[in-house]
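By convention here, the first residue in the shown sequence is residue 1. Quick caveat: nothing in here was measured; it's all calculated off a predicted structure. Every heavy atom of this structure was used, including side-chain atoms; hydrogens, water molecules and symmetry mates were not.
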Amino acid sequence: VPHKRTRMSPEARRDQLIDYGLAMVRDRPLEEITIDAIADAAGVSRALLFHYFASKQEFHVAIAQAQADRMLARTEPDESLGDPIAILTASMAAFVDYVSENRTAYTALIRGASSSDAAMREVVDRTREVMVGRVLDHAPVFGVEVTPVVVMSVHGWIAFVEETTIRWLTAEPIDAEALTRDELLALITAALPALAARLYAGVAILSAAVAGLVADATGSGPVFGTLV
């Protein structure tokens with residue numbers, strides 16, 4: 001419903017326009033949000049909207065950034081829970097619920113036409129970095145040393161969470177019923193500590209293998225002994 005134009009500060013007007021955009025992306029892809037629709041809803045002219053945003057693409061990026069900020073605020077770890085697993089579970093529950101409520105916009109941002117835009121990718125990448133950082137901040141509690149391999153693995157887990165959640169949201173009804181919200185939550189939450197356990201088991205095996213190769217190369221290992 002168009003609103004009568006009222007005098008606002010530049011910051012308030014810009015935020016208002018973004019809010020209208022956020023409301024619209026709840027039921028349609030971002031690329032379908034037009035300047036005319038926003039201008040009509042806000043009761044302003046196209047010219048005024050372009051005063052705040054240099055282009056339609058810049059406006060879309062601002063909407064995507066605002067949506068990412070809201071998701072991050074919603075999933076902020078609750079340190080009062082104490083237990084790291086409880087903190088992780090609560091954050092993932094908030095993530096699943098937020099994405100479920102904003103499935104059209106979220107899916108379009110990750111998979112849609114907008115996902116190929118460099119500025120949009122930057123929004124997504126910055127958001128993922130925050131999510132990764134939150135996980136790594138709790139790594140010492142589990143006795144996990146933050147190494148490049150650990151950082152890469154957490155990035156992989158974030159990608160797993162995103163893709164699994166999107167597949168759950170976009171599945172046919174009969175398939176979606178096969179995995180409930182609580183089961184989805186258990187799956188993506190349990191995957192992180194499981195990944196950590198597998199990672200450290202793999203590192204131990206690799207270290208032992210390398211040690212064996214070094215021993216063989218220096219003539220003190222069993223393989224070298226069988227060749228001489």
Side-chain angles (χ1 to χ4, degrees), residues 15 18-19 22-23 25-26 63-107 109-111 121-171 175-208:
D15 289 343
I18 293 174
D19 284 342
L22 286 169
V25 296
R26 288 180 66 90
I63 294 173
Q65 184 63 65
Q67 186 180 54
D69 291 342
R70 289 188 178 187
M71 185 275 287
L72 290 174
R74 181 90 164 261
T75 59
E76 179 75 29
D78 184 359
E79 302 296 341
S80 68
L81 295 174
D83 176 43
I85 296 299
I87 294 173
L88 174 64
T89 301
S91 290
M92 287 297 96
F95 173 80
V96 170
D97 291 342
Y98 182 86
V99 173
S100 296
E101 295 163 10
N102 299 274
R103 65 182 66 195
T104 300
Y106 181 80
T107 302
L109 183 61
I110 301 298
R111 286 185 173 179
R121 296 310 309 166
E122 187 175 348
V123 171
V124 173
D125 289 343
R126 282 198 305 264
T127 303
R128 287 172 176 161
E129 287 296 334
V130 173
M131 296 172 73
V132 168
R134 289 174 174 178
V135 173
L136 296 178
D137 286 344
H138 291 86
V141 177
F142 296 99
V144 175
E145 179 185 358
V146 178
T147 65
V149 173
V150 169
V151 173
M152 182 172 59
S153 298
V154 174
H155 274 280
W157 174 73
I158 293 294
F160 166 76
V161 169
E162 291 177 341
E163 182 62 22
T164 303
T165 303
I166 287 177
R167 288 185 66 85
W168 180 71
L169 288 172
T170 57
D175 294 329
E177 292 172 3
L179 188 68
T180 66
R181 170 195 174 277
D182 289 344
E183 289 170 338
L184 169 68
L185 181 58
L187 173 64
I188 61 178
T189 301
L192 182 59
L195 174 63
R198 296 281 297 186
L199 174 65
Y200 274 83
V203 169
I205 293 172
L206 180 61
S207 296

Colleague: With side chains defined as the heavy atoms from C-beta onward, is the minimum distance between Ile87 and Asp83 less than 4.5 Å?
Modeller: no

Colleague: Atom CZ of Phe95 and atom CG of Leu72: how far apart are they, to the nearest 0.5 Å?
Modeller: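 The CG atom of Leu72 is 10.0 Å from CZ of Phe95, to the nearest 0.5 Å.
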
Colleague: Using every non-hydrogen atom in the two residues, find where Ala68 and Val123 come nearest and quote the distance to one decimal.
Modeller: CB-CG1, 4.1 Å

Colleague: So, Arg167 and Glu162, do they make that salt bridge, N to O below 4.0 Å?
Modeller: no

Colleague: Say you draw a straight line from NE2 of His155 to CG of Asp125; how long is it, rounded to the nearest 0.5 Å?
Modeller: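 Those atoms lie 9.0 Å apart.
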
Colleague: Return the minimal non-hydrogen interatomic distance between Val132 and Ile158, and the atom names on each side.
Modeller: CG2-CG1, 3.8 Å

Colleague: Mind checking whether Val25 and Thr104 have side chains closer than 4.5 Å, heavy atoms only?
Modeller: no

Colleague: Does Ala23 have any side-chain contact (heavy atoms from CB on, under 4.5 Å) partners at least two apart in sequence or in another chain, and if so, which?
Modeller: none

Colleague: Looking at Pro77 and Ser91, what are the two nearest heavy atoms and their distance?
Modeller: CA-OG, 3.5 Å

Colleague: So, using salt bridge (charged side-chain N to carboxylate O under 4.0 Å, His left out) as the criterion, who are the partners of Asp182 when residues are at least two apart?
Modeller: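 Partners of Asp182 by the salt bridge (charged side-chain N to carboxylate O under 4.0 Å, His left out) criterion come out as none, since no residue qualifies.
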
Colleague: Could you state the interatomic distance from CG (Leu184) to CH2 (Trp168), rounded to the nearest 0.5 Å?
Modeller: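 One finds 5.5 Å between CG of Leu184 and CH2 of Trp168.
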
Colleague: Can you list the residues that meet the salt bridge (charged side-chain N to carboxylate O under 4.0 Å, His left out) rule with Arg126, with sequence neighbours excluded?
Modeller: Glu122

Colleague: Counting C-beta onward and ignoring hydrogens, is there a side-chain heavy-atom pair between Arg70 and Asn102 closer than 4.5 Å?
Modeller: no

Colleague: Tell me every residue that passes salt bridge (charged side-chain N to carboxylate O under 4.0 Å, His left out) with Asp97, counting only those two or more places apart in sequence or in another chain.
Modeller: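 Asp97 satisfies salt bridge (charged side-chain N to carboxylate O under 4.0 Å, His left out) with Arg181 only.
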
Colleague: Give, for atom CH2 of Trp157 and atom OG1 of Thr164, the distance between the pair rounded to the nearest 0.5 Å.
Modeller: 10.5 Å

Colleague: Mind checking what makes salt bridge (charged side-chain N to carboxylate O under 4.0 Å, His left out) contact with Asp137, not counting sequence neighbours?
Modeller: none

Colleague: Are side-chain heavy atoms of Val124 and Arg128 found at a separation under 4.5 Å?
Modeller: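 Yes, their side chains come closer than 4.5 Å.
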
Colleague: I'd like to check Val96 versus Ile188 (side-chain heavy atoms, cut-off strictly below 4.5 Å). Are they in contact?
Modeller: yes

Colleague: Quick one: pull up OH in Tyr106 and CG in Leu169 and give me the separation to the nearest 0.5 Å.
Modeller: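 Spacing of OH (Tyr106) from CG (Leu169) equals 9.0 Å.
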
Colleague: Mind checking side chain to side chain donor-acceptor pair (under 3.5 Å) for Arg134 and listing every partner two or more places apart, or none if nothing turns up?
Modeller: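 Residues passing side chain to side chain donor-acceptor pair (under 3.5 Å) with Arg134: Thr75, Glu76.
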
Colleague: Got a second to check how far Thr89's OG1 is from Leu81's CG, nearest 0.5 Å?
Modeller: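 Rounded to the nearest 0.5 Å, the OG1-CG separation comes to 9.0 Å.
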
Colleague: Can you check whether Gln67 reaches Tyr98 side chain to side chain, under 4.5 Å on heavy atoms?
Modeller: yes

